[in-house]
Amino acid sequence: MKRRYQPVRGMRDILPEDSARLTLIEDTFRDVLQSYSYEEIRLPVLEAKDLFDRGLGEATDAVSKEMYSFEDRDGTDLALRPEGTASCARAIVNHSMAHEDKPRLWYAGPMFRHERPQSGRYRQFQQVGAEAFGYSGPAIDYELMSVGTDVFGRLGILDEITLLLNNIGSAAERALYRGALVEYLLPIEDDLDSDSRHRLKANPIRILDSKNSRTQEILEQAPPIEEFVSQESNEKFAAVRRLLDGANIEYQITPRLVRGFDYYTDTVFEWVTDKLGAQDAICAGGRYDGLIELLGGKPTPGVGFAAGIDRIAILLEQCEGSSKYDKADVYIIAHSDEQQEYVAEVARQVRRHTNLRVREHTESGRMGAKMRWADKSGAKWALIAGDAEAAKREVTIKWMRVEREQTTVSFDQVVEVLSENWEK
RNA sequence: GUGGGUGUAGCUCAGGUGGUAGAGCACUGGAUUGUGGUUCCAGCUGUCGUGGGUUCGAGUCCCAUCAUCCACCCCA
């Protein structure tokens, strides 16, 4: 009995066209991050489960309900990383990286969360993260938002997204705020939606995030978090905003914006879009001044963001309109099998002297069919190396995308002709 | 984790009340024996997601299961 295998739930094969889009996004992040002198760090996918329990907070959903954790052969509890910041902070501590330097780092890779899959939400998903350690001033908060803005600008999606911004203060301040919020909501508990009623006991601050419109109405009269945040923190937040204003980066102050992980402090931000349904966050981050110390390092401030590459790819695809994906720039065909060696020689020549993507038609068949394959490849040129050409060491160059007479040139001129008309 | 929708050819989808599967696109060949994208003609393609049940008979009804999508939840 034959078995049809499928990817396991929430995992997916990313086929070439989508893969090209993901690569474009990752390349853009890499280029921009390097222009800010961020350095790449590569981190393991597998970590001690405890790192996330402590780092993200045991009560968070990502840890308590969604973590891929298992016992290793020797009995230690391991987990596939649900995010990158905890690993990055661990590396900072392990290698004492914050002692001599103030590292600005970035990483890319898969993260794993056992959630119910939806478009834009997979159990294995791709993130690019950036983290800066040792900086307590407002300029670094601004810098990370500037990085994001540059990336999304280059990708041409700034019009599709909004930068949300909030100041959630320190853990101690949030504890005070939590008390005040509960005090306000408890008497009118019955008016809340059932999820929010549940969160009133478990994690009251997340009620701010509720999508229930009635609950949001009630929250308008709730005490604002700003009043519980220290003056120093509020002033720093104002400085961040001035920097953003100076750089003409648009943002929206969103008092209800809170974070799912416990390590966040003070500035939090998030780029959202209205084009992806419920999975609207494409990049989010903030400050986490206590995390390094929590993981056993000396007190070191930190700020960072994580971008959801899969979601950005969906957004990009929606903005593209007609697809312009092509596989090759040059498509080389012979007339018959006798010219395969000559075709190979032409291909070698073009590959050696240009960085064009060259495909050889390696199967026999009639000319029309070969031309159709050349067309489908998206190639700008078809090079015909048939018996007439091979005999005289020539190549016929046919323009596939523009009105232009095909020409037959000598072997040595091929690269020259292609290069002249190369503007991609 | 909760609720709902969908699953038929490679793709997009038709298939009132059960009677033994169809269209467009794609693909292959021809018109055009060495020239694609337009057109015309011909042809190919199916364990109707999977497993069970009801029935003389199931793509159609029932149950289960898997996948996928949407919302909730969560989050990037």
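Just so it is clear: chains get the letters A, B, ... in the order the sequence lines come, proteins before strands, and each one is counted from 1.
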I want to verify a distance call: between B:C75, B:U35, B:C27, whose nearest atom is closest to the A:Arg311 side chain? B:C75
Would A:Glu47 and A:Arg81 satisfy salt bridge (charged side-chain N to carboxylate O under 4.0 Å, His left out), going step by step from the backbone distance to the final call? CA-CA 7 Å; A:Glu47 295 274 4; A:Arg81 59 181 181 188; over 6 Å; no
A:Arg12 to A:Tyr122 six-membered ring, cation-pi geometry met (6.0 Å, 45°): yes
Under-3.5 Å donor-acceptor pair between A:Arg372 side chain and B:C27 base: no
Sub-3.5 Å pairs of nitrogen or oxygen atoms, protein against nucleotides 4-12 of chain B:
none

Would you say a side-chain N or O of A:Lys376 is under 4.0 Å from OP1 or OP2 of B:C27? yes
Between the base of B:G49 and the side chain of A:Gln6, is one N or O donor paired with an acceptor at under 3.5 angstrom? no
Against the six-membered ring of A:Trp373, is A:Lys376 placed for a cation-pi contact (under 6.0 Å from the centre, within 45° of the normal)? yes
Would you please confirm or rule out a distance under 4.0 Å between OP1 or OP2 of B:A71 and any side-chain N or O of A:Gln118? yes
Can you say whether a donor on the side chain of A:Arg121 sits under 3.5 Å from an acceptor on the base of B:C74, or the other way round? yes
Under 3.5 Å donor-acceptor pair, A:Asp375 side-chain atoms to B:G36 base atoms: yes
Counting only side-chain nitrogens and oxygens, does A:Arg9 get under 4.0 Å of the OP1 or OP2 atom of B:A67? yes
Counting heavy atoms from C-beta on, name the nucleotide in B:A76, B:C73, B:G34 closest to the side chain of A:Arg113. B:A76
Under 30°, 30 to 60°, or over 60°: which ring-plane class applies to A:Tyr342 and A:Phe411, parallel, tilted or perpendicular? tilted
Of all the choices, B:C27, B:C73, B:A76, which nucleotide is nearest to the side chain of A:Phe125 once you look at every atom? B:A76
Do A:Glu226 and A:Asn167 have side chains that approach each other closer than 4.5 Å (heavy atoms only, starting at C-beta)? no
Distance check: side-chain N/O of A:Ser119 vs OP1/OP2 of B:C70, anything under 4.0 Å? yes
Are any of A:Arg259's side-chain N or O atoms less than 4.0 Å away from OP1 or OP2 of B:C74? no
Just by distance, no angles: are the side chains of A:Tyr135 and A:Asp141 close enough, under 3.5 Å, to form a donor-acceptor pair? no
Could you tell me whether the side chains of A:Ser410 and A:Gln413 share a donor-acceptor contact shorter than 3.5 Å? yes
Taking only N and O in the side chain of A:Trp373, is any of them less than 4.0 Å away from OP1 or OP2 of B:U35? no
